[in-house]
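Remarks on the structure that follows.
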Amino acid sequence: MVTALKTSPALTVRQLMSSSVVSRAFRFFETNAEAITDEHIRICSIPASPFGEQERAIYLSEKFSSLGLTEVEVDEEGNCLGLIKGTSRTPLLVVSAHLDTVFAKGTSFQVTRNESRLLAPGIADDGCGLAALIALAQAIQTEGIRTEGSILFVGTVGEEGEGNLRGVRHLLTRGRWASKVDAFLSFDGPGVDRITNQALGSRRYRVEFVGPGGHSWGDFGVPNPVHAIGCAISRFASYPAPKDPRTTFNVGRIEGGTSINAIPGKAAMEVDLRSAAEAELRRLDAFFRRAVREALDDENAKRRAGDPELKLKLDLIGERPTGETPRDSSLVELAIETTKVLGFEPRLDQSSTDSNLPISLGIPAITLGAGGSSGSSHTLDEWYDPRDRDKGLKRGLLVVLGIVGLV
Ligand SMILES: [Zn+2]
């Protein structure tokens, strides 16, 4: 058996590279490049807004069944699962990509082509991960690759935004595979050099200011929730975020008001706070809360005598744990070796992905690029270029086989 869990990752990769089934699978990725892209287009054309991933999950489950995966299901949370059983149940490796996108219901998910580029919301994040999932399962099945451990392929729900990792959280803490998973690999976005082994922590808030509302002329002086939101943003946006450890913040959505000449009864915003270091995240979080409270107090202090106060509702709607899979763990070393053997310079990276959750549970986890290149992620102009996608798939396959072992 060839597995990085029992021998050195470097040796494992050398042995895998000299295996004939691995060469056949590599050729599969090269000769089927067009078909893999066609499949990529098909799955990305199915809308998958936050909390609206069901149609895509069902499509993926049908795909898994047609490829001969077993124990195929869409679980209670909406994740799509399918197993390639090895000669043993362990080690059990989860290979995942996320089904959801950041785009709201009603967005057109139609894929168009511009020369070598594919264009559609979510085409790279995480369309190329889903395409990699299908291509890997297909290569393993078509080339008759037999493994010692088992591979659980999972299309997860709720990776983006308010999903708050609900899919992977269910999978690893409540689902029927919980506590059976030995290692976790996620494909998210393009590229062949990135190895995300550090989980970037984040906190997300929804802020709501609620007041009595009124007529813009007749009731002037009633506390105005939109003014308060504006003031809160202005205070908050002055935060001197350090470059190192990298710390970022974003007011991603604001809403409120009904008419130009009505004092709004309500205004809200959604805010994302991130930092590479837990202490910095706490500092940013405290500054943000203070900015919101001060904006509230300011607006209330200005109000007409006798008018009711503006009320604040502050909800923590997302919290992602920080942590890392150590540089010297078998999984990270294996990913480094496979990247090098394919001629690329490995780049360890920190990001917020599905791997945050297993990392917080002590399960070795990394997120890899799925090959190709992309741009304008999380915008309606998102694009993906599948050239050299095969290199990402080859790397993915080597990491998978390095963990579960070839028979
Ligand atoms: Zn993603």
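In listed order, ligands and their atoms are each counted from 1.
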D125: its N/O/S atom lying closest to the Zn ion (ligand 1) (atom name):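 Distance check against the Zn ion (ligand 1) picks out OD1 in D125.
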
At a threshold of 2.8 Å, where the distance has to be below it, does the Zn ion (ligand 1) have an N, O or S atom of D126 nearby?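 Given the 2.8 Å cut-off, D126 does not count as a ligand of the Zn ion (ligand 1).
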
Within less than 2.8 Å of the Zn ion (ligand 1), any N, O or S from D188?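 Looking at D188, which is the residue asked about, there is an N, O or S atom under 2.8 Å from the Zn ion (ligand 1).
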
Distance only, no hydrogens: is a donor on one side chain within 3.5 Å (strictly under) of an acceptor on the other, for Y205 and D285?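 Note: Y205 and D285 side chains meet the donor-acceptor criterion.
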
D188-T367 side chain donor-acceptor pair, cut-off 3.5 Å: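 No pair is found: no donor N or O on one side chain lies under 3.5 Å from an acceptor on the other.
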
Over 60° means perpendicular and under 30° means parallel, so tell me whether Y239 and F249 are parallel, tilted or perpendicular.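 Answer is perpendicular, since the angle exceeds 60°.
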
Would you mind telling me which of D126, V157, N79 makes a side chain to side chain contact (heavy atoms under 4.5 Å, CB included) with H98?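 In the set D126, V157, N79, the residue that makes a side chain to side chain contact (heavy atoms under 4.5 Å, CB included) with H98 is D126.
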
